[in-house]
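Here the structure is laid out as structure tokens; the discussion comes afterwards.
In what follows, chains carry the letters A, B, and so on, assigned in the order in which the sequence lines appear, proteins first and then strands, with residues in each chain numbered from 1.
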2 protein chains.
Amino acid sequence: MANEDLTQIFDTIEYPEAYRITYLANAIVFPAYSAIKKDFGLVRAEYILLACLSHFDALTAQDVARISRRPRNTISRAVHRMLDDGYLDRAPDPDDGRQARLRITASGRDLHFRISEYLRRRQDEVLGTLSKEERATLSALMKKAALNAAQLDE
Amino acid sequence: MANEDLTQIFDTIEYPEAYRITYLANAIVFPAYSAIKKDFGLVRAEYILLACLSHFDALTAQDVARISRRPRNTISRAVHRMLDDGYLDRAPDPDDGRQARLRITASGRDLHFRISEYLRRRQDEVLGTLSKEERATLSALMKKAALNAAQLDE
DNA sequence: CTTTTATTGTTCCATTTGGAACAATATGCG
DNA sequence: CGCATATTGTTCCAAATGGAACAATAAAAG
């Protein structure tokens, strides 16, 4: 094929919005993810964990699983590795013996900051063709849909 | 935590658009993906293959890898399984001994049609809060960004 | 209080995944 | 032409992944 247009599928696919969303997600995340893995040795669940804990004071592993839509065992493993590496702290919840409250450490926060750069940079590349107004519109509409999605499965 | 707002991260994250895009992608794809795996026994690379071949006349495995941003070996495996199951045909390219041209069969097309329903339905649920105009705007802006992304890495 | 039922975090295990190396073919360049 | 380099599809292998079962704890029901 080669000289046929590989992007025609954006219009012909049966689920155009879903396709474009996942395409954009892949376009942003895959390159950033590879670089993060290569430069920091982190797998996806690990930096998701960092991102969550950077933005909430204390979370249980279950919270993180819910926020990120990943299975609990994946998060559990990430927690252990990050604990070993000193990127987070864990304290048993005094009110509920089943759960433990996770907090990010200073070095975890620092690591997350460095990792965010990769994602932010790639995001800006991919969205670079949009005007300021277009980008703001896109962002607002995505937030509206994302809030709806969050509510859908609670 | 539990009664804190789990969605505040939409605004506080360092890469808001990237976060919202991947959140939406996950919100749409994960539930649909689980159902497709459960009901049809297909892994992601397999229905991506079907989707690609449903919308192009003939593709090489490499083309599919490029379109879908997946590693070649993942596609290669999917091709073998789909060949065994009769969902696609393969013919060596007469002009290039390295590559083979893949085409979807009637039963493959039928399978893809049934699978699309899952994605389309979930897409419509997630985007259900948007008005017709908002959805059209979102769709157009995503297409613009996606076309840019496609061009970025060629 | 006792008995079910639900939730949390973990381990087990089979499957999926993707990087790296590979053989086969093609292309570029002297 | 002959040799280096690139590309395609594949296999190998180590790692990541996620469903299922589990023990510990909590909540609900009787």
OP1 or OP2 of D:dA16 less than 4.0 angstrom from a side-chain nitrogen or oxygen of A:Arg81, does that happen here? yes
Which residue lies toward the 5' end of DNA chain C, A:Tyr33 or A:Gln62, if each is placed at its nearest nucleotide? A:Gln62
Ring geometry between A:Tyr19 and A:Tyr23 (parallel below 30°, tilted from 30 to 60°, perpendicular above 60°): parallel
Roughly how many Å is it from CG in B:Leu102 to C1' in D:dT10, rounded to a whole number? 14 Å
I need the minimum non-hydrogen distance between B:Gln62 and B:Arg72, along with the two atoms involved. OE1-CD, 3.1 Å
Need the bend value for the helix from C:dC1-D:dG30 to C:dG30-D:dC1: angle between end axes, 5 pairs each end, nearest 10°. 30°
Ignoring backbone atoms, establish whether B:Thr60 has a side-chain N or O less than 4.0 Å from OP1 or OP2 of D:dT8. no
Whether over 12 other heavy atoms sit under 6.0 Å from A:Phe113 CZ: no
Check: A:Ser107 side chain, A:Gly86 main-chain N or O, donor-acceptor pair, under 3.5 Å: yes
What are the two closest non-hydrogen atoms of B:Ser116 and B:His112, and how far apart are they? OG-O, 2.5 Å
Between protein and nucleotides 19-29 of chain D, map the contacts as a letter string: B base, S sugar-phosphate only, - none, heavy atoms under 4.0 Å, written 5' to 3'. BB----BS---
Return the value, rounded to whole Å, for the distance between atom CG of A:Leu42 and atom P of D:dA15. 16 Å
More than 12 heavy atoms from other groups under 6.0 Å of CZ on B:Phe30: yes
Whole Å only: how far is the CD1 atom of A:Ile75 from the P atom of C:dT7? 19 Å
Which of the following nucleotides, C:dT10, C:dT8, D:dT17, is nearest to the side chain of A:Arg66? C:dT8
How close or far is atom P of D:dT10 from atom CZ of B:Arg70, stated in whole angstroms? 18 Å
Does the pair A:Asp93/A:Arg101 count as a salt bridge with the N-to-O cut at 4.0 Å? yes
Distance in angstrom units between A:Lys38 NZ and C:dG19 C1', rounded: 13 Å
Respond yes when some side-chain nitrogen or oxygen of A:Thr74 is under 4.0 Å from OP1 or OP2 of D:dG18, and no when none is. yes
Verdict with supporting geometry, A:Leu42 and A:Leu50, side-chain contact (heavy atoms from CB on, under 4.5 Å): CA-CA 10 Å; A:Leu42 295 187; A:Leu50 285 183; 4.1 Å; yes
Give a yes or no on whether a salt bridge exists between B:Arg81 and B:Asp85, defined as a side-chain N under 4.0 angstrom from a carboxylate O. no
B:Arg44 CZ to D:dA16 C1', straight-line distance once rounded to whole Å: 14 Å
Would you call A:Glu125 and A:Arg122 a salt bridge, taking side-chain N to carboxylate O under 4.0 Å as the test? yes
How close or far is atom P of D:dT17 from atom CG of B:Asn26, stated in whole angstroms? 13 Å
Closest to the side chain of B:Arg90, out of D:dT8, C:dT8, D:dT10, is D:dT10
Without decimals, in angstroms, what is the distance between A:His80 NE2 and D:dT17 P? 16 Å
What is the nucleic acid contact for A:Ala100, judged by heavy atoms within less than 4.0 Å: base, sugar-phosphate only, or nothing? sugar-phosphate
